[in-house]
**Q** 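Have a look at the structure that comes next, please.
Residue numbers start from 1 in every chain, and the chains themselves are labelled A, B, ... in the order their sequence lines are given, proteins ahead of strands.
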Amino acid sequence: MEKIISPRGTKDILPSESSLWQFIEAKAIETFSLAGFEEIRTPIFEHTQLFSRAVGESSDIVNKEMYTFTDRSDRSITLRPEGTAGVARAFIEHSLDRGSRPQKLWYRGPMFRYERPQTGRYRQFYQIGMEAIGLEAPFIDLEVIKLAYNFLQELGIENLTLAINSIGSAASREAYRQQLLAFLSEYQDDVCDDCKRRMQQNPLRVLDCKVPEDQALYKNAPLIQDSFDEESKQIFMQMKTGLEALGISYTIDSSLVRGLDYYSHCVFEFKTDDKGLGQQSTVLAGGRYDNLISELGGVSSPAVGWALGMERIAYLLEAKKFPETKRVYIISDSAIEASKLAHQLRFDAKVLVEYDFEEAKVAKQMNKALKRNASHGIFYLEDERKSGSYLVKDFQAKAEFNLTSYTELLSFFAGDSV
RNA sequence: GCAGCCGUCGCCAAGUGGUUAAGGCCCCGGGUUGUGGUUCCGGUAUUCGCGGGUUCAAAUCCCGUCGGUUGCCCCA
C-alpha cells in the first residue's frame, strides 16, 4: 500500500519540538497580556473576497498564493494567507470601534500560502501577530514595535536588526508612484524581466531589484521621502526620535516597501543574519494600515500591527537549552499502587510523575526511568508499602533518601528546581 | 511558476548492471531473582520514494511522477 505522507509544504510538530512552541506561545501570552493586549481568534477560512480586497489584487499573495476552493454551496472560500484581514473583518463585524480605542489585539495560528516550500517557508505556517486598531497616534507604532522587541528579547533571540521605513500617506505615495513611473519609463526596455513586471504591478518594488545593472540605473531615481507631505514627514520623524528615546537601534531601509497593499506610513522588519534560514531572513514584519478598515466598509480606524513567523523563531531557538524540571518515575511491583501514588503526587506536589504499566522487573523499570529522562525514582514496592515509606533516588546526584511518610515525600518534591 | 542537485530500514549510511542489499545508532525480545544508560544472546528492508521502460539480469541505465533541497520570484 502506498504510504500517505503530509501534503507538500506542511509538517508535523512532534513532541521533541512542541515544548519549544509552547514556550514561544507562553511568552507571547505573558508579554502581550502585561501590555493589555488581548487574544482574538478568527476563522482559518474566510470569504475569498475579504483577502482580495484587504490584501490587494496586485499583491502576489492574492495573485498566485491563495488556497482558494469552492465549498458545497458554491461559495468561494480561502484559507487565510495572513492574519490582519480576518482581524479587521471581525473588528468591523462586531463593532469593536465602539470599544475603547485603540483595540489592542493579538492572535496566533496557522496561515496558508500556495508557494514553493523552502527552508523557513511552508504552505501551512504559523504566525503570532498583534494589531492596535482605532488611533493614529505614532506612540502606538512605538508601543507595538517595542513589544515586538521585548518579546524577541524575552525569547532570548539575539542578533536581530530592526529595519524601518516610511512609505508615507496614501496620497503622497500615489504622487510618488507617478514620479517614479515617469522616471522608469526611460529605461523600460533596458531593465530585467522582473522589473518590467514590477512596473506594472508594484512599481515601488523595482528599487529593490537584485540585478546590479538595474541598480545602477536606479541610482538617480526619485526618493519617496521627497514626495512626502508635511504630515508624512512629521510622522516619520516622530517615529525615529521615538525609537531613539526608547533605546531601540534601527536602520532605515528605503527599499523596504512590504508586499501588502494596505500599508501606509511606518513599515518595519526584524531580520536575522543567521544563514541557516536561507533567503528567509525576515522573522517579524509589520506596519501601519490606516485605510484598511474603512476600505472594508468599517468606521475609519487607523491601525498598526505586525506578524512573526513561528517556524523561523523556532529555528532560531532550536539550540537553546530549557531549564530542567523534576521528572519522577515510580518503580513498583503494582501498577495500581503506582498509579494511585502518581495521581496523588501530581496533584499535591505539582510534579511530573510517570510509572511503569507493565510491572516489569526492577532493573528494567530503572532503565525505563532513565530512558524517560527521569530526575528521580521512587521505589514503591511491597516492602515500602508495608512500612509506609518511600525510597527516593536522585539519579543525577546518585543519592538515595529513605522517606518515612507521605508528608516527607511531599516536602522532598516541593519547589521548582531539580 | 522556472532552473540545478538529491531520494537505499525510524536515523546515519555502504553498494554505481550479475549469486541471499554491508555496517553503526535507535527499537523489540531474552539472560543477570529489589537498583543505573553497561555487557551478552537473538530479532527487525522478499527490497532501494512511486510508476513505467531498456536488459538474459536494475538500488544501479532511461522516461515520467511524487517529495526534499538550493537559487530566482515573493514572503512571516
Side-chain angles (χ1 to χ4, degrees), chain A residues 1-11 14 16 55 58-65 80-84 107-129 148 192-198 201-202 205 208-211 256-260 268-272 275-287 305-316 329 331-333 358-374 376-384 391-400:
Chain A
M1 195 164 68
E2 203 180 318
K3 219 181 356 180
I4 297 175
I5 57 173
S6 71
R8 183 161 215 206
T10 66
K11 69 163 196 166
L14 298 174
S16 57
V55 178
S58 73
S59 69
D60 273 28
I61 289 180
V62 170
N63 270 316
K64 52 177 199 184
E65 294 173 1
R80 62 183 186 193
E82 55 96 57
T84 302
Y107 61 85
R108 54 175 154 168
M111 307 294 164
F112 304 84
R113 288 182 204 171
Y114 195 93
E115 290 184 278
R116 188 76 190 262
Q118 261 178 48
T119 308
R121 179 192 290 184
Y122 301 90
R123 287 185 172 179
Q124 173 171 339
F125 59 101
Y126 291 79
Q127 287 190 334
I128 292 178
C192 70
D193 289 347
D194 284 328
C195 278
K196 283 176 188 145
R197 188 180 44 80
R198 289 185 185 112
Q201 277 186 359
N202 194 346
R205 285 231 159 266
D208 206 8
C209 182
K210 289 189 182 71
V211 179
L256 181 58
V257 296
R258 319 256 54 246
L260 315 182
F268 56 91
E269 280 185 5
F270 284 87
K271 296 177 167 204
T272 176
K275 294 288 175 283
L277 274 172
Q279 297 311 108
Q280 282 62 246
S281 60
T282 302
V283 150
L284 182 153
W306 52 255
L308 69 76
M310 286 187 74
E311 287 81 2
R312 294 179 187 180
I313 294 289
Y315 174 86
L316 295 175
Y329 201 96
I331 291 152
S332 178
D333 51 1
E358 295 181 301
E359 301 183 342
K361 289 176 189 163
V362 170
K364 187 127 204 168
Q365 291 194 37
M366 281 290 286
N367 278 326
K368 287 192 183 188
L370 293 165
K371 211 157 264 176
R372 294 296 293 169
N373 261 319
H376 295 82
I378 301 176
F379 283 78
Y380 190 56
L381 294 104
E382 206 182 341
D383 287 354
E384 280 81 14
L391 183 61
V392 174
K393 188 136 187 151
D394 182 327
F395 290 127
Q396 268 102 68
K398 302 193 175 185
E400 282 186 6

**Q** If you check the A/E311 side chain, which of B/C73, B/A76, B/U69 turns out closest?
**A** B/A76
**Q** Just to confirm, is there a sub-4.0 Å distance from OP1 or OP2 of B/C74 to any side-chain nitrogen or oxygen of A/S59?
**A** no
**Q** Counting only heavy atoms not in A/R372 (residues, nucleotides, ligands), do more than 12 fall under 6.0 Å from its CZ?
**A** no
**Q** Report yes if at least one side-chain N or O of A/R205 is closer than 4.0 Å to OP1 or OP2 of B/C75; otherwise report no.
**A** yes
**Q** Which residues pass the side-chain hydrogen bond (donor to acceptor under 3.5 Å, both in side chains) test with A/S281, not counting sequence neighbours?
**A** none
**Q** Only counting residues at least two apart or in another chain, list the ones meeting side-chain hydrogen bond (donor to acceptor under 3.5 Å, both in side chains) with A/E269.
**A** A/R258, A/T282
**Q** Quick check on RNA chain B: between A/T282 and A/E382, whose nearest nucleotide comes earlier from the 5' end?
**A** A/E382
**Q** Using atom P of each nucleotide, how far apart are B/U60 and B/U70 to the nearest Å?
**A** 26 Å
**Q** For the side chain of A/E400 and the base of B/U35, is some donor closer than 3.5 Å to an acceptor across the two?
**A** yes
**Q** With A/F379, which residues qualify under ring pair (Phe, Tyr, Trp, His ring centres under 6.0 Å), at least two apart?
**A** none
**Q** For nucleotides 1-3 of chain B, list the nitrogen or oxygen atoms of the protein found under 3.5 Å from its nitrogen or oxygen atoms, one pair per line.
**A**
residue: B/C2; atom: N4; partner: A/R116; partner atom: NH1; Å: 2.8

**Q** Given the P atoms of B/G51 and B/C56, what is the spacing between them in whole Å?
**A** 23 Å
**Q** Under 4.0 angstrom, heavy atoms only, what part of the nucleic acid is A/R197 near: base, sugar-phosphate, or nothing?
**A** sugar-phosphate
**Q** If I take atom CG in residue A/L391 and atom C1' in nucleotide B/G36, what distance separates them, rounded to the nearest angstrom?
**A** 14 Å
**Q** Does atom CD (A/E359) have a neighbourhood of more than 12 heavy atoms from anything else shown, all under 6.0 Å?
**A** yes
**Q** Determine which nucleotide pairs with B/C72, using a 3.5 Å limit on both distances of a Watson-Crick or G-U wobble pair.
**A** B/G1
**Q** Give A/G377 one of three labels, base, sugar-phosphate or nothing, depending on what nucleic acid heavy atoms sit under 4.0 Å from its own.
**A** nothing
**Q** Figure out the CZ/C1' separation between A/R8 and B/G7, and round it to whole Å.
**A** 14 Å
**Q** Look at the side chain of A/E115 and the backbone N and O of A/Y122, then say whether any donor-acceptor pair between them is shorter than 3.5 Å.
**A** no
**Q** Considering only atom C1', compute the distance from B/G43 to B/C6 and round it to an integer number of Å.
**A** 32 Å
**Q** Between B/U55 and B/C72, how far apart are the two P atoms, rounded to whole Å?
**A** 44 Å
**Q** Measure CE/A/M111 against C1'/B/C75 and give the value in whole Å, please.
**A** 14 Å
**Q** Report yes if a donor N or O on one partner sits less than 3.5 Å from an acceptor N or O on the other, where the partners are the side chain of A/R312 and the base of B/C75; otherwise report no.
**A** yes
**Q** If we take the C1' atom in both B/G4 and B/C11, what is their distance in whole Å?
**A** 27 Å
**Q** Tell me every residue that passes side chain to side chain contact (heavy atoms under 4.5 Å, CB included) with A/A397, counting only those two or more places apart in sequence or in another chain.
**A** A/D394, A/A399
**Q** Using whole Å, report how far CG of A/L308 lies from C1' of B/A76.
**A** 8 Å
**Q** Which pair of non-hydrogen atoms, one from A/Q365 and one from A/A360, has the smallest distance, and what is that distance?
**A** NE2-O, 2.8 Å
**Q** Counting only heavy atoms not in A/Y114, do more than 12 fall under 6.0 Å of its OH?
**A** no
**Q** Run the salt bridge (Lys or Arg N to Asp or Glu O under 4.0 Å) test against A/E400 and tell me which residues pass, sequence neighbours left out.
**A** A/K393
**Q** Please determine whether any donor N or O and acceptor N or O are separated by less than 3.5 Å between the side chain of A/K398 and the base of B/G36.
**A** no
**Q** State the pairing partner of B/A21; accept Watson-Crick or G-U wobble contacts with both distances under 3.5 Å, and report none otherwise.
**A** none
**Q** Verify the contact: side-chain N or O of A/K271 to OP1 or OP2 of B/A76, cut-off strictly under 4.0 Å; return yes or no.
**A** no
**Q** Which base, if any, makes a Watson-Crick or G-U wobble pair with B/C48, both distances under 3.5 Å?
**A** none
**Q** Students often get this wrong, so: under 4.0 angstrom with heavy atoms, is A/G9 touching a base, only sugar-phosphate, or nothing?
**A** sugar-phosphate
**Q** With nearest nucleotides of RNA chain B determined for A/E269 and A/T10 from heavy-atom distances, which residue corresponds to the more 5′ nucleotide?
**A** A/T10
**Q** If I pick the C1' atom on B/C12 and the same atom on B/C48, what distance separates them, to the nearest angstrom?
**A** 16 Å
**Q** Any N or O donor-acceptor pair under 3.5 Å from the base of B/G36 to the side chain of A/Q396?
**A** no
**Q** Tell me which residues in residues 367-374 of chain A lie within less than 4.0 Å of RNA chain B, going by non-hydrogen atoms.
**A** A/N367, A/L370, A/K371
**Q** Do A/R80 and A/P110 make a side-chain contact, defined as non-hydrogen atoms from C-beta onward lying under 4.5 Å apart?
**A** yes
**Q** Between B/A14 and B/A45, how many Å separate the two C1' atoms, rounded to a whole number?
**A** 14 Å
**Q** Once salt bridge (Lys or Arg N to Asp or Glu O under 4.0 Å) is applied, do any residues pair with A/R108, and if so which ones, sequence neighbours excluded?
**A** A/E25, A/E39
**Q** Please state how far atom CD in A/Q127 lies from atom P in B/A76, giving the value in whole angstrom units.
**A** 7 Å
**Q** Can A/F125 be said to stack with the base of B/A76, given centres closer than 5.5 angstrom and planes under 30 degrees apart?
**A** yes
**Q** So, are A/K11 and A/E311 salt-bridged, with charged N and O less than 4.0 Å apart?
**A** no
**Q** Mind checking who B/U35 pairs with, Watson-Crick or G-U wobble, both distances under 3.5 Å?
**A** none
**Q** In whole angstrom, what separates A/M366's CE from B/U35's P?
**A** 9 Å
**Q** Grab the NZ-P distance between A/K361 and B/G29 for me, whole Å please.
**A** 12 Å
**Q** Mind checking A/F395 for me? I need base, sugar-phosphate or nothing, with any heavy atom below 4.0 Å counting as a touch.
**A** base
**Q** B/G42 pairs with which nucleotide, Watson-Crick or G-U wobble, both distances below 3.5 Å?
**A** B/C28
**Q** Which whole number of Å gives the distance between the C1' atom of B/U47 and that of B/A58?
**A** 12 Å
**Q** Go ahead and name the base partner of B/U55; Watson-Crick or wobble counts if both distances stay under 3.5 Å, otherwise write none.
**A** none
**Q** Separation of A/Y380 atom OH from B/U35 atom C1', in whole Å?
**A** 19 Å
**Q** Identify, with sequence neighbours excluded, every residue that meets side-chain hydrogen bond (donor to acceptor under 3.5 Å, both in side chains) alongside A/T10.
**A** A/S6
**Q** Choosing from B/C74, B/G36, B/G34, which nucleotide comes nearest the side chain of A/K393?
**A** B/G36
**Q** Within the pair A/K364 and B/U32, is there a side-chain N or O less than 4.0 Å away from OP1 or OP2?
**A** no
**Q** With heavy atoms under 4.0 Å as the rule, sort A/D383 into base, sugar-phosphate or nothing.
**A** base
**Q** May I ask you to say what A/Y122 touches in the nucleic acid, namely base, sugar-phosphate or nothing, with a heavy-atom cut-off under 4.0 Å?
**A** base
